[in-house]
Amino acid sequence: MTTAPSADFVMEHLLQEATREFPGWSFERDRSGWTATRDGTRLHRPSLAALRAILRVHRAVRHDPECPCA
């Protein structure tokens, strides 16, 4: 019988993925959710998945000024 990984292990893995996907951003968790910080920009969302999604939009807008997302 195999055991499931602990929630801490899974969260650490997801945090490592986020750090690799968004170099230069730092991630913090508190009771209200997750915050990503880079230079003077701080983004906050209730979950790490939601935060990563908004960071993808943020990255697209920064790289493509004609993006309809802006």
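Just so it is clear, the values below take in all heavy atoms, side chains as well, and ignore hydrogens, waters and symmetry mates. We count residues from 1, following the sequence as given.
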- prompt: Is there a path from Trp34 to Leu14 through hydrophobic residues (I, L, V, M, F, W, Y) whose side chains come within less than 4.5 Å of each other?
  reply: yes
message: Please enumerate all residues that pass side-chain hydrogen bond (donor to acceptor under 3.5 Å, both in side chains) together with Thr35, with sequence neighbours excluded.
response: His44
- prompt: Does a donor on one side chain and an acceptor on the other come within less than 3.5 Å for Ser32 and Asp30?
  reply: yes
Scan the side chains in residues 47-56 for donor-acceptor partners under 3.5 Å anywhere in the protein, sequence neighbours excluded, and list what turns up.
| residue | atom | partner | partner atom | Å |
| --- | --- | --- | --- | --- |
| Ser47 | OG | Ala50 | N | 3.0 |
| Arg52 | NE | Glu21 | OE1 | 3.2 |
| Arg52 | NH1 | Glu17 | OE1 | 3.3 |
| Arg52 | NH2 | Glu21 | OE1 | 2.7 |
| Arg56 | NE | Glu21 | OE2 | 2.8 |
| Arg56 | NH2 | Glu21 | OE1 | 3.1 |
| Arg56 | NH2 | Glu21 | OE2 | 3.3 |

- prompt: Any side-chain heavy atom of Trp25 sitting closer than 4.5 Å to one from His58?
  reply: yes
field: Distance-minimising heavy-atom pair for Asp39 and Thr37
entry: O-CG2, 4.2 Å
